[in-house]
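Comments concern the structure below.
Heavy-atom basis, side chains included; hydrogens, waters and symmetry copies ignored.
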Amino acid sequence: MSTQIILPRVLQVGEGASGDIAGVLASLGCAKPLIITDKMMVELGYAAAIQTSLADASIRADVFDDTVPEPTISSIQAGVEAVKNGSYDSIIALGGGSPIDSAKAIGVLGKFGGDMRDYKFPRIVNEAGLPIIAVPTTAGTGSEVTRFTIITDDHSDEKMLCVGVGFMPVAALVDYNLTLSLPARITADTGIDALTHAMEAYVSKKASLYSDSQAIAAMRLIGPNLRRAYHDGNDKPAREAMMLGSTLAGIAFSNASVALVHGMSRPIGAAFHVPHGLSNAMLLPAVTEFSIPEASARYADCARAMGVADEHESDAVANAKLVEELRALNAELQVPTPAQFGIERAAFFDLLEIMAEQALASGSPNNNPRVPTHAQIIDIYKQLW
Ligand SMILES: [Fe+2]
């Protein structure tokens, strides 16, 4: 059986990569980009830096900075209008996962119209929107190298997973310099998200030798460096490893899918506005423990790649150390429990049925090595309390 691998056409990787944007645009034949970002990127001067480096090549770029965290259908509407009414030939998506996910949706909706709900999974979106040049500033969602976007339906609060080559950026500029100013909390949340991508891609039923290779490489980079980047944001070697690890993890899960953690995480995020990486972090130890019996060799490989178990240790020992490590990581990175985050216990328990349904409907739990029933998903949610 063969596996189809989908990647951006250009990956510019390493210190200063974002400064090469004019050359990358030219190589793609694009000359009129719209920068889609958020207010923070404007405040930090990142949007202006991109504009300046484009201006040096006589390219003028407008900025749309109205994207929001965890984008919704209504939050992207103004961006869709900007694309419809402008004559842009490309989009520069600058920021964390939310601006990049917003840009992907805007690129497709702005070109083809319709309602975002029309594009949600199980539909596979092959229509390419405006070409996207992604410049991630977190390490990260991996959105710069995935064919996914997640947009929340304002009415139902459902986090809609949208899938297809139409959402794949044509280029990604992976510049760890842009992560040096990330606060510790965001470093932790996005870093655990990247670790989750690598682990889920590796244990996914859709894993291939190709995605395995990316996932293992990602875990080797992320495992020893996440704590370092969290404690010292200016630790450049740690930031560099996290950035590349995040991109490789993105490549792994874009081609092997995520699994139960992400399936269960999206409903928590949608209902209680928990940042994506944080809800993953809350779930990762419990879901790993649940899944190990059906994939003990695979999870043991994860433990060894992350550097928490030795090559000579048995799978059982490695698995025990993995679960212990995931709990220790959450403690050290100060990941709150749902209660500590401020979620009301009664509100959470009231929504268990619906969250479990949404998790199953997303399709992600089916990729898990141990496919849970509706009741087992509810059990895992309850373990978070
Ligand atoms: Fe994720």
Are any of the side-chain nitrogens in [X] or [Y] under 4.0 Å away from the carboxylate oxygens of its partner?
X      : Y      : value
Lys120 : Asp153 : no
Arg239 : Asp235 : no
Asp315 : Arg304 : yes
Glu127 : Arg123 : yes

Donor + acceptor pair across side chains of [X], [Y] (<3.5 Å):
X      : Y      : value
Asn367 : Ser204 : no
Thr152 : Glu70  : no
Asp154 : Thr72  : yes
Asp212 : Tyr202 : no
Asp193 : Thr141 : no
Asn280 : Thr196 : no
Asn368 : Ser291 : yes
Lys159 : Ser362 : no
Ser181 : Tyr46  : yes
Lys32  : Ser90  : no
Arg9   : Ser27  : no

Are the side chains of [X] and [Y] in touch, meaning some heavy atoms are under 4.5 Å apart?
X      : Y      : result
Ile192 : Val335 : yes
Glu294 : Val371 : no
Met160 : Ile150 : no
Glu15  : Glu240 : no
Val145 : Leu11  : yes
Val170 : Val10  : no
Thr137 : Leu182 : no
Asn177 : Lys236 : yes

So does [Y] get a backbone contact from the side chain of [X], meaning a donor-acceptor N/O pair under 3.5 Å?
X      : Y      : value
Gln376 : Thr373 : yes
Lys104 : Ala93  : no
Asp118 : Asp115 : yes
Ser211 : Ser208 : yes
Thr247 : Leu244 : no
Gln340 : Thr337 : yes
Ser246 : Gly140 : yes
Asp101 : Ile151 : no
Gln51  : Arg60  : no

**Request:** Give the C-alpha distance, both sets of side-chain angles, the deciding distance and a yes or no for side-chain hydrogen bond (donor to acceptor under 3.5 Å, both in side chains) between Thr67 and Ser102.
**Result:** CA-CA 7 Å; Thr67 66; Ser102 300; 4.7 Å; no
Separation of [Y] [atom2] from [X] [atom1] (nearest 0.5 Å):
X      : Y      : atom1 : atom2 : answer
Phe272 : Phe341 : CZ    : CZ    : 10.5 Å
Tyr210 : Thr3   : OH    : OG1   : 10.5 Å
Asp66  : Ser75  : CG    : OG    : 9.5 Å
Arg298 : Ile292 : CZ    : CD1   : 14.0 Å
Ile6   : Thr146 : CD1   : OG1   : 11.0 Å
Ser18  : Leu178 : OG    : CG    : 4.0 Å

**Request:** Please report the C-alpha distance between Asp189 and Arg185 in whole Å, then the side-chain angles of each, then the deciding distance to 0.1 Å, and finally whether the salt bridge (charged side-chain N to carboxylate O under 4.0 Å, His left out) criterion is met.
**Result:** CA-CA 6 Å; Asp189 296 350; Arg185 181 74 265 136; 2.9 Å; yes
Looking at every heavy atom in both [X] and [Y], which two are closest together, and how far apart are they?
X      : Y      : value
Ala356 : Tyr381 : N-CE1, 4.0 Å
Leu326 : Met306 : CD2-CE, 4.3 Å
Thr138 : Gly96  : OG1-CA, 3.7 Å
Ile222 : Gly191 : CG2-O, 4.3 Å
Pro267 : Gln358 : CB-OE1, 3.7 Å
Met219 : Pro224 : O-CD, 4.1 Å

Please determine whether residues [X] and [Y] belong to a single hydrophobic cluster, defined as Ile, Leu, Val, Met, Phe, Trp and Tyr linked transitively by side-chain heavy-atom distances below 4.5 Å.
X      : Y      : answer
Phe290 : Leu360 : yes
Ile36  : Tyr119 : yes
Val165 : Val108 : no
Leu173 : Ile92  : yes
Leu54  : Val135 : yes

**Request:** Tell me, with the steps shown, if Arg266 and Ser364 meet side-chain hydrogen bond (donor to acceptor under 3.5 Å, both in side chains).
**Result:** CA-CA 10 Å; Arg266 291 184 209 107; Ser364 302; 3.2 Å; yes
**Asked** So Phe253 and Phe148, would you call those rings parallel, tilted or perpendicular, with 30° and 60° as cut-offs?
**Response**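 Taking Phe148 first and then Phe253, their aromatic rings lie parallel (interplane angle under 30°).
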**Item:** Reference residue Leu352; test side-chain contact (heavy atoms from CB on, under 4.5 Å); the match among Ile378, Ile377, Asp379
**Value:**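 The side-chain contact (heavy atoms from CB on, under 4.5 Å) with Leu352 is passed solely by Ile378 among Ile378, Ile377, Asp379.
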**Asked** If you draw a 6.0 Å radius around CD in Glu344, do more than 12 non-hydrogen atoms from other residues or ligands fall strictly inside?
**Response**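 Not buried by this count: 12 neighbours or fewer within 6.0 Å.
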**Item:** Derivation of the side chain to side chain contact (heavy atoms under 4.5 Å, CB included) call for Leu130 and Leu34
**Value:** CA-CA 10 Å; Leu130 282 189; Leu34 172 66; over 6 Å; no
**Item:** Arg345 to Phe349, cation-pi by 6.0 Å centre distance and 45° axis angle
**Value:**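 Judged by the rule (NZ or CZ under 6.0 Å from the ring centre, within 45° of its axis), Arg345 counts as positioned above Phe349.
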**Derivation of the salt bridge (charged side-chain N to carboxylate O under 4.0 Å, His left out) call for Lys321 and Glu313** = CA-CA 10 Å; Lys321 286 189 168 182; Glu313 284 172 312; 2.6 Å; yes
